[in-house]
Asker: 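The structure's right below; bear with me while I get my questions together.
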Amino acid sequence: MKLSDLDTPAVLIDVDRADANLQRFQTYADAHGLAVRPHIKTHKLPRFAKRQVELGAVGITCQKLGEAEVMADAGLTDIFIPYNIIGKAKLDRLVTLNDRIKIAVTADSAATVNGLAAAFAGSPKPLEVLVECDTGMGRCGVQTPDDAVALAKAIDAADGLTFAGFMTYPKAGAVSENQTWLATAKQKGIDAGLDPRIISNGGSPDMWRAHEVTAATEHRPGTYIYMDRFQVAKNVGTWDDCALTVLATVVSRPTENRAVIDAGSKSLSSDTFGMEGFGRIVEFPDAVITSLSEEHGTIDVSACASKPQIGDRVRIIPNHACVVSNLFDSIVLISGDEVVDIAPVAARGRVG
């Protein structure tokens with residue numbers, strides 16, 4: 001099958017670029033003695049998770065229980081869920097998952113720890129728990145290294161739980177601040193008689209500086225497999241590294257300087273991250289996707305020397321690849337202009 005045989009909109013994954021991206025970071029991490037635990041929320045595909053492990057990843061990261069269940073069903077056996085697991089329904093599923101594979105989670109409050117302890121009390125296989133630390137992102141996480149140690153002590157003392165270390169999703173660009181926070185928490189934990197054997201750092205924007213966070217034992221990149229417009233803007237990769245594109249068709253040219261494609265907010269991410277427009281059109285890099293309706297993408301083509309015509313097919317590098325993966329039931333794997341396979345996005349839409 002050729003690209004020309006595909007209907008639009010469709011998500012295309014260049015398998016050669018994706019694999020090169022995986023190999024490039026694994027080589028970097030190996031050179032710096034840093035374990036890789038990639039985040040599968042970007043691709044949600046067991047085949048890529050298995051490839052990441054094959055290349056040297058120590059395991060994978062999933063954001064939700066549903067993703068982890070899909071990956072466990074596919075044969076992945078070492079999974080980290082950096083999320084507060086709250087409520088009996090989810091805790092019951094977590095107990096079942098912990099019986100099947102090696103799994104770890106995070107907690108950032110006594111309430112979360114108490115829920116985990118109640119679910120795992122008396123378990124012959126204790127649950128590994130890391131303390132989530134807010135090192136600058138301003139999302140989840142304990143607020144100070146002292147808070148981190150206090151919660152670590154609570155985990156260490158709880159029946160059915162094992163304290164495994166500290167975890168963060170850091171603020172992009174704040175590498176030195178992240179290192180200082182984690183190093184302080186690690187040392188304070190050791191001084192308190194704890195064993196923070198895992199210090200888990202994450203994020204793709206600063207992944208080429210991961211070695212500067214010397215306190216960390218592992219790094220959790222996600223978007224690195226596909227790259228996207230934002231990662232290119234952050235100099236993480238180049239346009240030639242971008243493995244995910246959305247194939248779309250020009251369906252209208254209502255004015256000289258306006259074109260409309262059949263890919264809107266249900267196909268492209270509405271995230272802008274402070275950038276102009278909603279993606280980069282490979283064939284018309286000077287065009288600007290100015291707005292998205294649900295099924296329409298409106299494009300300003302005034303700066304284009306040649307302009308797209310009705311029926312033309314274009315490929316768009318989205319601002320945020322992770323969101324796009326979650327918008328489609330299946331993706332098209334390609335090599336050059338050849339279709340390699342059409343694969344279901346297995347972990348898409350899984351509850352919890």
Side-chain angles (χ1 to χ4, degrees), residues 35-46 48-50 52-53 57-109 111-120 123 125-134 137 139-142 148 151-152 155 158 160-170 196-204 216-223 322 325-326 345-352:
V36 180
R37 185 178 289 277
H39 211 315
I40 63 86
K41 69 181 178 66
T42 300
H43 57 75
K44 298 178 179 287
L45 297 172
F48 282 147
K50 290 178 179 180
Q52 288 167 314
V53 172
V58 296
I60 63 170
T61 304
C62 296
Q63 199 62 61
K64 292 295 187 73
L65 270 169
E67 292 178 344
E69 288 164 342
V70 169
M71 294 297 152
D73 289 345
L76 280 301
T77 59
D78 189 332
I79 300 176
F80 178 37
I81 306 176
Y83 210 86
N84 292 314
I85 308 298
I86 305 295
K88 185 178 185 305
K90 288 184 174 63
L91 289 168
D92 287 348
R93 290 163 62 194
L94 182 60
V95 169
T96 300
L97 198 56
N98 188 61
D99 288 341
R100 298 173 56 196
I101 63 170
K102 182 179 185 295
I103 194 153
V105 301
T106 56
D108 71 353
S109 70
T112 302
V113 171
N114 291 341
L116 293 170
F120 283 88
S123 172
K125 183 183 178 185
L127 175 70
E128 293 193 353
V129 184
L130 285 75
V131 174
E132 181 165 3
C133 307
D134 180 6
M137 180 64 178
R139 197 169 65 183
C140 295
V142 296
L151 193 60
I155 295 167
L161 306 183
T162 297
F163 169 66
F166 301 113
M167 163 269 169
T168 188
Y169 183 76
R197 60 183 180 81
I198 300 171
I199 308 293
S200 186
N201 189 25
S204 293
T217 61
E218 68 177 28
H219 196 82
R220 309 182 319 275
T223 315
C322 306
S325 293
N326 198 49
V345 183
R348 175 181 185 257
R350 290 301 296 260
V351 175

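The figures here come from the full heavy-atom set of this structure, side chains too, leaving out hydrogens, waters and symmetry mates.
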Asker: Could you give the distance from CG (Asp92) to CD1 (Ile85), rounded to the nearest 0.5 Å?
Answerer: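 One gets 12.5 Å once the value is rounded to the nearest 0.5 Å.
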Asker: Can you measure from OG1 (Thr112) to CG (Leu91) and round to the nearest 0.5 angstrom?
Answerer: 9.5 Å
Asker: Backbone N or O of Glu218 within a donor-acceptor pair of the Ser200 side chain at under 3.5 Å?
Answerer: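 Not at all, since once roles are kept as given, no pair shorter than 3.5 Å links the two residues.
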Asker: Hey, is the main chain of Asp134 close enough, under 3.5 Å, to the side chain of Thr168 for a donor-acceptor pair?
Answerer: no
Asker: Can you name the closest pair of heavy atoms from Gln52 and Ile40 and give their distance?
Answerer: OE1-CG2, 4.0 Å
Asker: Using atom types as modelled and distance alone, determine if a side-chain donor or acceptor of Asn201 lies under 3.5 Å from a backbone N or O of Pro170.
Answerer: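 Answer holds: no.
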Asker: Taking C-beta and beyond as the side chain, do Phe80 and Ile198 meet within less than 4.5 Å on heavy atoms?
Answerer: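 No, side chains not in contact.
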Asker: Measure the shortest side-chain to side-chain distance between Leu94 and Leu116 over non-hydrogen atoms and say whether it is less than 4.5 angstrom.
Answerer: yes
Asker: Look at the side chain of Arg220 and the backbone N and O of Pro38, then say whether any donor-acceptor pair between them is shorter than 3.5 Å.
Answerer: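 Absent.
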Asker: Closest approach of Leu130 and Ala104, non-hydrogen atoms and distance?
Answerer: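 For Leu130 versus Ala104, the nearest heavy atoms are CD1-CB, 4.1 Å.
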Asker: Less than 4.5 Å apart, any side-chain heavy atom of Leu76 and any of Ile101?
Answerer: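 Not in contact.
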Asker: Testing Lys44, Arg350, Lys41, Arg93 for salt bridge (Lys or Arg N to Asp or Glu O under 4.0 Å) with Glu67, which one passes?
Answerer: Lys44
Asker: So does Ile199 get a backbone contact from the side chain of Thr217, meaning a donor-acceptor N/O pair under 3.5 Å?
Answerer: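 A pair under 3.5 Å: yes.
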Asker: Does Lys50 use its side chain to pair, donor to acceptor, with the backbone of Gly75 at less than 3.5 Å?
Answerer: no
Asker: May I ask you to test the Asn326-Val345 pair for a side-chain heavy-atom distance under 4.5 Å?
Answerer: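 When only atoms from C-beta onward are counted, Val345 and Asn326 do not touch, as no gap falls below 4.5 Å.
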Asker: Can Val70 and Arg348 be said to form a side chain to side chain contact (heavy atoms under 4.5 Å, CB included), step by step?
Answerer: CA-CA 10 Å; Val70 169; Arg348 175 181 185 257; over 6 Å; no
Asker: Kindly compute the distance separating CG (Leu65) from CD1 (Ile103), expressed to the nearest 0.5 Å.
Answerer: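 One finds 6.5 Å between CG of Leu65 and CD1 of Ile103.
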Asker: For Cys322 and Thr42, work out which heavy atoms get closest and say how close.
Answerer: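 Smallest interatomic distance, heavy atoms only, reads SG-OG1, 3.1 Å.
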Asker: What closest approach, in Å, do Asn84 and Thr106 show between heavy atoms, and which atom pair accounts for it?
Answerer: OD1-O, 3.7 Å
Asker: Could Glu128 and Arg197 be called an ion pair, given the rule that one side-chain N must be under 4.0 Å from one carboxylate O?
Answerer: yes
Asker: Can you check whether Cys133 reaches Val142 side chain to side chain, under 4.5 Å on heavy atoms?
Answerer: yes
Asker: Can you tell me how far apart OH (Tyr83) and NZ (Lys64) are? Round to the nearest 0.5 Å.
Answerer: 4.0 Å
Asker: From His43 NE2 over to Thr223 OG1, what is the distance, rounded to the nearest 0.5 angstrom?
Answerer: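 These two atoms lie 10.5 Å from each other.
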Asker: Report the C-alpha separation of Val58 and Asp78 in whole Å, then their side-chain angles, then the decisive distance to 0.1 Å, and conclude whether the side chain to side chain contact (heavy atoms under 4.5 Å, CB included) test is met.
Answerer: CA-CA 8 Å; Val58 296; Asp78 189 332; 5.5 Å; no
Asker: Step through the shown structure and confirm whether more than 12 heavy atoms of other residues, nucleotides or ligands are within 6.0 Å of CZ on Phe120.
Answerer: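 Enclosed.
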Asker: Ser204 and Gly222: which non-hydrogen atoms are nearest, and at how many Å?
Answerer: OG-N, 3.3 Å
Asker: For the residue pair Thr61 and Pro82, establish whether any side-chain heavy-atom pair is separated by less than 4.5 Å.
Answerer: yes
Asker: Roughly how far, to the nearest 0.5 Å, is the CD1 atom of Ile79 from the CD atom of Glu69?
Answerer: 9.5 Å
Asker: Ignoring hydrogens and angles, tell me if any N or O in the side chain of Ser123 forms a donor-acceptor pair with the backbone of Gly160 under 3.5 Å.
Answerer: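 Answer holds: no.
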Asker: Do you know the tightest heavy-atom contact between Phe163 and Ala152?
Answerer: CE1-CB, 3.4 Å
